[in-house]
Structure formats: structure tokens, C-alpha cells
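Please read all numbers here as calculations on a predicted model, not as lab measurements. Chain letters run A, B, ... following the sequence lines, proteins first and then strands; every chain starts at 1.
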Amino acid sequence: MTAPTARPKAAAPETAAAAATKAGAELLLDALEEQGVEVIFGYPGGAVLPIYDALYARDTIRHVLVRHEQGAVHAAEGYARSTGKPGVVLVTSGPGATNAVTGLADALLDSIPVVCITGQVARKLIGTDAFQECDTIGITRACTKHNYLVPSAERLSSIVHEAFHVATNGRPGPVLIDIPKDVQFEEAVYVARERAAKRDCVARPPVDRAKIAQAVEMMRRARRPVLYTGGGVVNAGRIACDALRVLARDTGFPVTSTLMGLGAFPASDPKWLGMLGMHGSVEANNAMHDCDLMIAVGARFDDRVTGRLDAFSPDSRKIHIDIDPSSINKNVPVDLAIVGDAGEVMAALLAEWRARAKEDPLDDGRLALWRAQIDEWRAKRCFAYEPSRKVIKPQHAIERLYALTRGRDVYVTTEVGQHQMWAAQFFHFDEPNRWMTSGGLGTMGYGLPAAIGVQAAHPGALVIDIAGDASVQMTLQEMATAVQHRLPIKVFILNNEYLGMVRQWQELLHGGRYSHSYSASLPDFVKLAEAYGAVGLRATTPDELDAKIMEMIACDRPVLFDCVVSKEENVFPMIPSGAAHNEMLLGAVAGDKVSAEGRTLV
Amino acid sequence: MSVGTGSSQSVYPVSPGEETIREAILAVIVDNEPGVLARVVGLISARGYNIESLTVAETDVEKHRSRITIVTRGTPSKVEQIKAQLGRLVPVRRVIDVTAETDALERELALVKIVGKGEQRVEAMRLSGIFRARAVDTTHTSFVFEVTGAREKINAFIDLMRPLGLIEVARTGVLSIRRGPESD
């Protein structure tokens with residue numbers, strides 16, 4: 001790495017050594033090194049060859065060669081979510097950039113810090129429909145937090161530093177840097193991180209004391225409170241998760257979480273209500289509906305969470321804590337909005353709560369009725385399913401997977417669909433950053449490459465992708481990546497030979513007309529694993545399941561586990577589209593339960 | 001636990017349908033860099049908001065700042081949402097709701113082409129005097145008038161000119177600035 005150097009315009013005196021110029025490709029890698037980047041997920045191509053050439057000469061940054069650029073972005077997301085550090089992607093122009101779009105959109109909706117570097121054709125060729133040219137900046141404008149077309153090597157290192165700043169500050173998100181090939185050759189002086197001009201666009205607002213006092217007053221008056229936490233708490237880091245735990249302990253408030261926020265609050269805590277939303281627990285959704293005070297922290301009132309908006313938690317006052325002002329009052333109007341970092345705001349709430357409790361203690365019994373009500377809902381055991389001794393029930397498979405991996409250093413990723421919901425319901429997390437799933441965009445094919453990213457960050461950990469037979473085929477080629485880089489991920493496929501969630505909706509909403517949702521011509525996953533040089537395992541009966549799972553855990557190579565499960569199992573409970581939280585379906589129902597309006601919703 | 005059947009305790013209306021639609025003039029101060037207008041316009045269209053008029057020009061050459069003036073319509077909560085979404089864009093420095101200030105100045109410029117002869121031509125010239133419009137181009141068969149003012153005045157001028165041979169209109173869109181010594 002070069003010594004920090006002055007920008008040509010800066011007033012500081014320049015030494016001869018400091019003014020040394022380097023090619024743009026070298027400046028990029030210098031900047032990545034200074035940002036602490038250890039791993040890049042990428043795929044070479046014509047427009048990034050100078051960068052790959054510079055990478056060849058360095059051993060400071062590890063490169064993981066993916067098999068498709070979408071996989072590179074998901075891997076970077078997995079890396080980011082399991083470490084809290086930004087993930088870095090390097091792909092070429094044209095198809096390289098367009099293949100990365102799904103991953104970028106995924107990272108945007110889930111607020112994951114990713115820096116994606118794309119090559120671009122040389123500046124004089126831009127706009128000429130050159131080979132492998134596309135309008136990367138135009139195409140990715142709507143699926144990144146911000147993007148840059150680097151105009152010259154002189155600006156390159158500053159832009160990289162600003163990109164990391166934008167990606168990781170405020171509400172995190174993906175940032176793309178498009179670097180024309182001739183800029184990668186052009187010589188310029190390096191600009192160090194601390195000298196780079198960074199815009200204050202994502203400044204962290206100070207915590208508003210008056211609002212904290214108002215919030216605590218509302219909390220003290222509440223008799224039916226609930227903490228509704230989201231991915232923002234995980235994004236705000238360990239400090240925020242700890243603050244949430246202490247806040248819940250001191251206040252005694254029950255806690256529910258979105259799909260994205262699982263692990264921020266320990267699932268083993270008696271105040272844990274389980275996940276809320278469309279396939280959330282009865283106790284969580286009823287608590288949301290009947291509460292008199294809802295405290296939303298780092299959650300954005302997504303339609304999968306709220307159900308029917310005009311029936312959403314009708315009798316509650318709502319406090320919304322979020323780093324992004326545009327999340328406030330977007331879907332649900334709230335009574336008190338506190339814009340700020342989740343950890344800082346919760347710490348301030350806790351301090352104020354304790355100060356008030358000291359001077360004017362609250363009656364311990366004030367929440368007793370609410371707790372009794374929650375226990376009554378809990379007693380319904382809404383996740384119960386009909387066990388079977390002949391076929392493996394998917395819920396049973398996840399339960400066994402959870403039981404047999406307890407006490408280990410486990411990270412779980414998922415694809416999207418029924419298996420994802422069963423994983424959220426039956427695999428429990430006591431720590432944040434252990435659960436990586438595509439929540440907002442719902443990207444089938446997320447889990448396998450995300451697991452690769454997680455494993456690259458945590459080589460010794462047990463990384464499991466809980467997958468479905470349909471989803472896994474969307475990015476299956478990344479098995480080769482896992483084998484090549486000796487990343488021993490475990491792909492645990494709940495194989496029901498269906499696009500399970502599509503089939504469930506067709507059963508419940510479309511009269512059981514299973515239009516194109518049967519996965520015909522499935523590959524033999526065991527043979528496929530062997531073809532990739534990985535290990536294939538199959539379990540078809542409940543009796544052999546445990547032994548096969550143990551075999552998978554013991555294996556030090558990548559594994560494709562074909563878990564053959566009952567075919568027509570549905571995910572329950574379920575809030576049908578267009579229904580309210582207290583109108584959950586607990587078991588088999590007919591199609592006429594869903595309103596005509598509800599059917600038009602996704 | 002019984003679920004309350006009365007109206008929401010929330011101090012804000014739960015149903016968004018109860019709000020009235022208002023017009024908002026937003027001044028968006030941005031870093032003048034490539035693509036910034038595309039970001040602003042793209043955000044507004046992607047989220048389904050309407051733009052009634054749009055003007056943009058660099059207003060601070062040294063700081064490379066531009067002022068984008070957008071006229072849009074929506075419920076108060078929708079307007080708040082547009083402002084918050086615009087505020088998220090990295091090159092956006094400030095979003096000012098000019099209509100939230102009382103009695104902001106509002107101006108627009110229009111070029112209006114009239115083709116006609118005889119009595120109509122005289123009448124067009126006479127009306128242009130009432131509106132303090134200037135003839136910036138004249139031939140034996142046509143005028144181009146330049147007229148400035150609030151939108152209502154320009155709309156009225158165009159309506160009056162229509163039967164007098166109006167064939168083309170170019171308008172700048174609305175510009176707005178706060179009255180008094182304070183700046184935004």
C-alpha cells in the first residue's frame with residue numbers, strides 16, 4: 001500500500017515520493033486494501049482485465065471466482081450479513097453488470113452494504129454500442145443506493161472511499177462503481193481514505209432527547225406493549241442487539257421480529273414471541289393486533305408483516321425508530337417517530353427508562369394480564385404439525401437439523417419459498433448475523449451463493465443453506481465455486497418435487513389448479529454433487545434422517561443433501577393476502593377464505 | 001382480551017383515503033453532477049408520483065449546486081414521502097417544500113406564438129399589453145410573445161390567445177423562492 005498522499009489540489013506540501021502516480025487498477029486495489037477488504041467475489045472479463053492483472057500481483061486480497069455474477073453479489077451479501085462488514089464484488093461490463101442486477105436489487109431491499117465494481121468500455125467508446133457495453137449506471141440506478149461512473153483515474157480513489165462510506169453509513173445498501181477500461185490504465189496519484197472528500201449525505205442524526213422522554217412516558221403507560229424489531233437492529237450491530245436485550249429485560253416488554261431481524265433477540269428468551277407476519281406465530285401476530293403500544297425498531301411495516309393495512313393494529317399507539325426518514329409514515333402512520341441509529345436510540349430509551357423508574361417505580365403487575373393473554377395464545381402451539389413415521393415432514397427435518405447442530409458454530413442461509421418459512425419457524429437463533437435470507441426481494445437462488453460468502457468469512461464454521469428443490473437450481477452452478485475454493489457449505493434441500501410456495505398458493509387461492517408448479521425432471525442431487533466433486537447424501541425416511549444429518553455435519557467437503565419430504569405439506573399459520581393479523585389460518589382451508597381483493601395482492 | 005371496536009387511538013388517520021390532495025412546489029438543491037436529474041426524475045416516476053412541471057439550472061457555480069423545482073400533487077402524507085425519498089438520494093443536499101412557506105413567490109415564463117391577420121392581430125397585440133407580454137419576434141403574419149408571471153396569469157393569457165390564432169406555446173415550468181430576508 002502506498003503512503004497517504006495529498007491530492008494535487010490540497011494545500012499540504014507534497015514530497016516527491018507522495019506524488020508518485022499509479023495506474024487506475026492499482027489505485028482501486030490500494031483503496032480496497034485501505035478499506036480493509038479481505039475477499040472479493042468476482043468474475044473476470046474484457047473490461048476488468050487490468051484490475052485482474054493488478055490482483056494477480058498481490059496476495060493481500062483473496063478472490064473467490066464465482067460461476068455467475070448474480071452469485072458474486074449474493075456471496076458478498078452473505079459475507080456482509082455474517083460479518084457486519086461490506087461485501088465486495090468485481091465483475092465485467094455488459095452481461096457481467098446485468099447479471100449482477102438481481103443481487104444488487106436484493107441488497108437494496110434488504111439494506112445490505114455491498115460495493116460492486118464493474119468494468120466499462122473505454123470512455124471514448126461509451127455510447128457507441130461497443131462490444132459488451134451497456135448503460136450500467138442507468139440500469140442500476142434504481143437498484144443501488146448510489147452509483148458512480150468514474151470520469152478519470154484522478155477521481156478513482158476518492159470515489160471508492162466515498163462508495164464505502166455511502167454503502168455502510170445511514171441505512172446501508174449496495175453501491176456500484178463503474179470504471180471505464182482506459183481509466184484502469186490511466187495514471188494518477190492515490191488519495192487516502194481520510195483525505196477523500198465524503199459527502200455528509202448519510203450523517204447520523206443526534207438522538208432527540210424530548211422524543212426519548214415522550215417515548216418513555218408512552219412506554220410507562222402501556223399495558224399491552226410489544227417490541228417489533230427488524231433487520232435494522234441486526235444492521236446496527238452487536239451494540240444495538242445488546243441494547244434491545246437489556247431494554248426488553250428492564251421493561252419486560254415482549255419481543256417479536258421480522259424475518260430479517262431474527263437473532264437480534266434470543267429465541268430462547270421467554271419474552272420472545274417468534275416471528276410475525278404472513279407465516280409468523282399466532283402469539284406474535286395477535287400481540288401486534290391487540291397491543292396498546294407498538295415500538296417498531298429498524299423495521300419498515302412491510303406488506304408481509306402488516307397484512308391488511310386498515311386493520312393493522314387498530315388500537316395501538318405506535319413509536320417508530322428508524323435510521324431512514326423515508327421509512328416513517330410510509331405504510332403505517334405512527335404517533336412518534338425517532339430518526340436515528342437503533343443502538344443509540346435504544347440506549348437512550350433505556351437510560352431514560354431507568355432514570356424514571358428510579359424516581360417513580362412502576363407496579364410490577366401492570367403487564368400481568370397481557371402476559372397471561374400471550375401465554376393463552378402460545379398454548380395454541382400454532383406451529384404444530386401432523387407427524388409421520390413413513391415420510392419425512394419438512395418441519396421435522398428442520399427441527400432435527402436444529403437439534404443436531406445445537407452448540408456448534410452455525411450459520412444458516414436460505415433460498416425463498418416454503419423451506420424458508422419452515423427454517424424461520426423451526427430453526428431458532430440466539431445471536432445476530434447467523435441468519436441470512438432474502439427478505440425483501442424474495443430471490444430464489446440466494447442461499448447457495450450466500451452460504452459461500454458466509455463460509456469464506458468463517459472458514460471453520462458450519463454453514464448450512466436450507467434450500468428447496470426449485471430454488472437451489474437457480475444458482476446451482478455455484479457448487480463448483482464451493483468445491484474450487486474448498487468452502488465446505490452444506491446445502492440441505494427439502495425436496496418436495498414442487499415449487500412449494502407456488503403450489504400452496506394455487507391450492508389455497510386458485511382452486512387447486514397446479515399450473516406449472518411441479519418440478520418435473522429433477523436432477524439426481526446425489527449424482528449431481530458427485531459430478532461437481534462434492535458429496536451427495538439422501539434421506540428418504542424419518543428413521544435414517546438423523547444419521548444422514550450427522551454424516552453431513554461431519555463431512556469436511558461441500559455437501560448436497562437431498563432430503564425427500566412429504567410433497568403436499570403447507571406452511572401454517574398463514575395470514576392470507578388482504579386479511580388482518582387476527583384472521584390467521586391455522587390449518588387446511590378452502591379457497592373461498594381469501595377475498596377477491598386479497599387474490600390480487602401478491 | 002377484547003379488541004376495541006371504537007376508532008383508532010392513533011392521532012393520525014389510519015385510512016390514507018381521508019386526506020385531501022394538495023399541490024406542492026419542491027425546491028431540490030443538488031450537487032450538479034452527471035445523472036443527478038435522472039436520479040430525481042427516476043425516483044419520482046418509479047414510485048408513482050406525478051410531476052406537473054420541472055425546471056433545473058445550476059445556481060451556484062462555485063459549489064456546483066443546482067436547484068431543481070418540481071411541482072407535484074398528492075396527499076400531505078404522500079408529499080412528505082416524496083420529500084423523504086428525495087432526501088435519501090446522495091447528491092441531494094436539501095429538499096424545501098416551498099408551498100409550506102406562506103406566500104412564496106412563484107414565476108413562470110412562456111413564449112406564445114400567434115399567427116393571424118387583421119382584426120385578430122390587433123386584438124392579440126392589445127391583450128398582450130394588458131398582460132405586459134412583450135413581442136419578441138414579429139412578422140406580417142405572426143407574433144411571438146414573451147409573458148412572465150404566476151401560472152394562473154399565463155394560463156389566462158394562453159386561453160385568451162387561443163381564438164386569436166395561437167399555434168404554439170413553450171413554458172419554462174414554475175420557479176419559486178421564499179419572500180423576505182430569509183433564504184432556504
Side-chain angles (χ1 to χ4, degrees), chain A residues 135 137-138 141-149 151 162-163 165-166 170-171 173 175 198-202 223-224 286-287 289-294 309-318 324-336 339 369-370 372-374 376-377 580-582, chain B residues 1-19 26 28-49 62-66 74-95 97:
Chain A
D135 176 11
I137 294 300
R141 194 176 289 129
C143 62
T144 53
K145 185 176 174 188
H146 192 55
N147 59 18
Y148 301 86
L149 176 62
E162 186 176 284
H165 175 75
V166 170
R171 180 175 173 177
V175 176
K198 287 186 283 289
R199 287 182 278 197
D200 56 355
C201 50
V202 280
R223 294 296 174 269
R224 304 189 307 277
N286 277 339
H289 188 272
D290 286 2
C291 66
D292 66 352
L293 177 69
M294 177 188 299
L309 269 179
D310 59 3
F312 175 71
S313 194
D315 298 312
S316 65
R317 289 184 165 261
K318 300 175 185 72
D324 177 6
S326 75
S327 282
I328 308 236
N329 293 333
K330 183 176 69 178
N331 299 335
V332 173
V334 296
D335 301 276
L336 179 65
V339 175
L369 273 174
W370 184 231
Q373 173 66 69
I374 288 171
E376 201 177 296
W377 288 323
H581 271 175
N582 58 351
Chain B
M1 179 137 327
S2 67
V3 177
T5 49
S7 62
S8 168
Q9 289 178 16
S10 183
V11 295
Y12 295 103
V14 169
S15 166
E18 296 164 15
E19 295 178 288
L26 303 178
V28 188
I29 312 300
V30 299
D31 291 331
N32 186 14
E33 60 185 29
V36 64
L37 186 61
R39 283 181 211 285
V40 169
V41 173
L43 181 145
I44 288 176
S45 66
R47 291 189 180 263
Y49 314 134
E62 270 189 8
K63 289 184 184 163
H64 298 289
R65 296 280 163 81
S66 290
T75 58
S77 61
K78 196 98 176 171
V79 172
E80 284 306 310
Q81 185 57 208
I82 297 173
K83 284 161 63 181
Q85 292 290 349
L86 287 171
R88 282 174 72 185
L89 294 175
V90 170
V92 170
R93 295 283 146 179
R94 293 195 303 286
V95 182
D97 188 351

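If you measure heavy-atom distances from B:E33 to chain A, the contacts under 4.5 Å come from the side chain alone. Heavy-atom distances place the backbone of A:I328, and not its side chain, under 4.5 Å from chain B. Neither the backbone nor the side chain of B:A46 comes within contact range of chain A; no heavy atom of the residue lies under 4.5 Å from a heavy atom of that chain.
A:K145 contributes a side-chain N or O that, together with a main-chain N or O of A:V166, makes up a donor-acceptor pair within less than 3.5 Å.
Taking the charged nitrogens against the carboxylate oxygens, A:D324 and B:R88 do have a contact shorter than 4.0 Å, which makes a salt bridge.
Nearest heavy-atom pair across A:D335 and A:S316 is OD2-O, 4.2 Å.
When each of B:L86, B:L43, B:D31 is checked for heavy-atom pairs under 4.5 Å with chain A, B:D31 comes out on top.
For the pair A:Y148/A:V175, a side-chain contact is recorded, criterion being any heavy-atom separation below 4.5 Å from C-beta on.
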